[in-house]
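Position 1 is the first residue of the sequence, and the numbers go up from there.
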Amino acid sequence: MRSIKQILSFCGSPNVRLAFLIAVLACTFFGQLGANLIKFFDDTYHVTMAHDFAVRGDIFGIQDTLLRTPYFEKPPFMLMLSSLGIKLFGATSFGARSFIAFYCLVSVMLGYVLLRRDAGERTAFAASLIAGTTFQILHFSRRVGFDGVLAASLYIAFLLFFFADRHRSYYLLFGAAIGIAVMTKGVSGIIPLAAVGIYCLALPNGRARLRDPFLYSSMITFLAVVLPWHIGMISRHGEVFVRTYFWERQLAYFLPGKGSGHGAQIMSADINFRKIGDTYWPYLPFLLYAVIDTIVRTVRRKHDGAFSLRWYAVIWIFVILGLYQLASIKRYAYVLPIYYGMAVLIAAGTTSWRFGKQIVIGFSIVAAGMAVAAFTPKWKDIDWSGWEEHRPIITELNRTKTPYALFPLFQIYVQPVMIYDGYAFHAPYFTNVRPGDLEAFYTNGGSIVMLDRRATNSLPYSIRRSMRVVFDSPIASIIARAR
């Protein structure tokens, strides 16, 4: 009995829990990261731009690799992370994803450090464990996309602002974190500030911050991060950048009639709630309890040490969710920052729950199971890569030994258009393809294009005029290479 208590005491020490947390996060964020091909909406588009940037290194001249025109849609921070991985590890799935996953993992660990300092080790451990095993966070942190990096940056800003009343220098770091969020996805990095503003107006602790001059010093570091690139882009590209970047892209999803110009997939108004219900397991019951418990304690005036942190998280969750519900286009990727707030809310609540310690132990068991699962073939499903069904296509095209991207034809608004719901493959190690296995695809990237003959008219003239047939398959597909 004594030896069992000694073992439990050892396992319960903060250093052991920290080692366990790092091991779990390493498995969940990096498990089989290079085994899956890059596929999912914009990822195939982004990875070709990241590869192009890795080759040319011109931060003010990032190219839309489909049309070979300047890319004015979003700032370059995520592309810089991806290109750094490509430079170090090559044009592979792992290379393109590695520094994105690493940045998101480090953000979770930095959140652990901030929470441990001021909210307690158990809250820090539980919040980091929940965040690092949340499927939505993992899915987007392992993609070549903006949303994972954006949410990770906003998580750090979320914590820095809350604890800045105890460490006023955090306001400077808060401004820099918001700046990085803006440099990841533009105006999406500023929208969550509405939650911070409502917190400042709604709670006494928040209102006191508005009188602190250090709060406004955050503008210095924010501008230091965001101004150089934006000024450089305006200097080089002028009015066309301002019009395209700010009005046609950054505000498109909130201005009525603008978002439809993207050819974006339209999701139903309940998509965000359905996605939480579908994916936020096993934490969903604890989230619901945490929200109710916070409200009940407020009504009964049973405040504890985590009261302000919990209400701050509640405001963060519902304000961001509410704003994106009002947006003209609904997508569950946009509300990814709320999952970090949900993790903090649950973790902060466990400190006052009757069986809080046992609940955290249960979370640890779930996390250990996920870490083990990261070494099994099933873990590939977290990336939704669907690579097996396209192995024949990959094999044939990898004989060229060059990076490429494939895009399927997608029917939208009656006319077939090019939409980035495709597949990018940068890992040439498959074999044994039959031309008859090829399906109707087309691509960007400037290296290889595969498409159905009937789809050629949907391509821009600049691409159509530079194509040539390589071979025909029984299903009338062609592979064309740009001259």
Side-chain angles (χ1 to χ4, degrees), residues 107 110-111 114-115 117-120 123-124 127 130-131 150-182 187-219 221-222 272 287-288 290-299 301-327 334-349 351-352:
S107 296
L110 182 55
L114 294 171
L115 284 166
R117 181 177 185 181
D118 290 294
T123 298
I130 294 169
L150 172 70
S153 302
L154 289 172
Y155 176 48
I156 300 305
F158 165 81
L159 294 177
L160 285 169
F161 180 84
F162 182 78
F163 294 120
D165 65 335
R166 308 178 194 181
H167 314 283
R168 297 171 76 197
S169 61
Y170 280 9
Y171 283 124
L172 293 172
L173 298 175
F174 164 72
I178 292 294
I180 293 173
V182 169
V187 71
S188 297
I190 299 177
I191 289 171
L193 288 178
V196 173
I198 290 177
Y199 168 76
C200 288
L201 295 173
L203 296 181
N205 181 50
R207 289 193 292 271
R209 294 166 182 263
L210 297 176
R211 297 188 294 271
D212 189 343
F214 263 78
L215 168 63
Y216 305 100
S217 69
S218 62
M219 285 297 299
T221 48
F222 170 78
N272 293 320
L287 171 67
L288 297 175
V291 173
I292 295 171
D293 182 59
T294 301
I295 295 173
V296 169
R297 286 177 178 273
T298 302
V299 173
R301 299 182 183 276
K302 291 185 176 180
H303 300 176
D304 57 18
F307 173 78
S308 294
L309 178 58
R310 279 192 281 168
W311 263 113
Y312 178 57
V314 168
I315 292 171
W316 177 268
I317 294 165
F318 285 100
V319 169
I320 295 175
L321 186 59
L323 285 173
Y324 279 109
Q325 283 300 114
L326 295 174
Y334 296 165
V335 301
L336 188 63
I338 73 171
Y339 286 88
Y340 286 101
M342 287 151 61
V344 171
L345 175 60
I346 296 171
T351 58
S352 59

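Considering only residues two or more places apart in sequence or on other chains, F222 meets the ring-ring contact (aromatic ring centres under 6.0 Å, His included) condition with none of them.
Annotation: the span from W316 atom CH2 to I338 atom CD1 amounts to 11.0 Å, rounded to 0.5 Å. Interatomic distance, OG of S107 versus CD1 of I180, reported as 8.5 Å (0.5 Å rounding). D165 contributes atom CG, which lies 8.5 Å from atom CG of D118 (distance to the nearest 0.5 angstrom). The structure places CG of L154 at 11.0 Å from CG of L159, a figure rounded to the nearest 0.5 Å. Here the CD1 atom belonging to I198 is positioned 11.0 Å from the CG atom belonging to L203, to the nearest 0.5 angstrom.
Residues I317 and V291 have side chains not in contact (no heavy-atom distance under 4.5 Å, counting atoms from C-beta outward). Side-chain atoms of I156 and F174, non-hydrogen and from C-beta on, never get closer than 4.5 Å to each other. In this structure, the side chains of I295 and I292 stay at 4.5 Å or more apart for every pair of heavy atoms. P213 has its side chain within reach of R168: a pair of non-hydrogen atoms, C-beta onward, lies under 4.5 Å apart. For the pair R297 and S352, the minimum side-chain heavy-atom distance is below 4.5 Å. Contact of the H167 side chain with the R117 side chain is registered, since non-hydrogen atoms from C-beta on lie closer than 4.5 Å. Put simply, the side chain of I320 does not reach to within 4.5 Å of the side chain of I191, judged on heavy atoms. Two residues are said to be in side-chain contact when any heavy atoms from C-beta on lie closer than 4.5 Å; Y155 and V344 meet this criterion.
Checked against the 6.0 Å centroid threshold, F163 and Y170 do not count as a close aromatic pair. For Y334 and Y324, the gap between ring centers is short of 6.0 Å.
Contact between Y171 and S217 at its shortest, heavy atoms only, is CB-OG, 4.3 Å. Scanning both residues, A127 and A343, for their nearest heavy atoms gives O-CB, 3.6 Å. Between A348 and R310, the shortest heavy-atom distance links the atoms CB-CG, 3.6 Å. Minimum heavy-atom separation, A347 to T123: CB-O, 3.4 Å. Closest of all the heavy-atom pairs between A306 and T351 is CB-OG1, 4.2 Å. When all heavy atoms are compared, the tightest approach of L150 to G189 is CD1-CA, 3.8 Å.
Screening I178, L172, L173, L110 against L160 for a side-chain contact (heavy atoms from CB on, under 4.5 Å) leaves a single residue, L173.
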Test log, rule side-chain contact (heavy atoms from CB on, under 4.5 Å), inputs Y216 and M219: CA-CA 6 Å; Y216 305 100; M219 285 297 299; 5.5 Å; no
Derivation of the side-chain contact (heavy atoms from CB on, under 4.5 Å) call for F161 and R209: CA-CA 10 Å; F161 180 84; R209 294 166 182 263; 3.7 Å; yes
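Residue pairs meeting the side-chain hydrogen bond (donor to acceptor under 3.5 Å, both in side chains) criterion with at least one partner in residues 189-200, sequence neighbours excluded, are Y199-N205.
Annotation: cation-pi pair R301/F307 absent, no NZ/CZ under 6.0 Å from the ring centroid and within 45° of its normal.
Between F158 and Y312, the angle of the ring planes stays under 30°, which puts this pair in the parallel group of the 30/60° scheme.
For the pair R207 (side chain) and C200 (backbone), a donor-acceptor distance under 3.5 Å is absent.
Side-chain contact check for W311 and T294: no donor-acceptor pair (N or O, by modelled atom type) lies under 3.5 Å.
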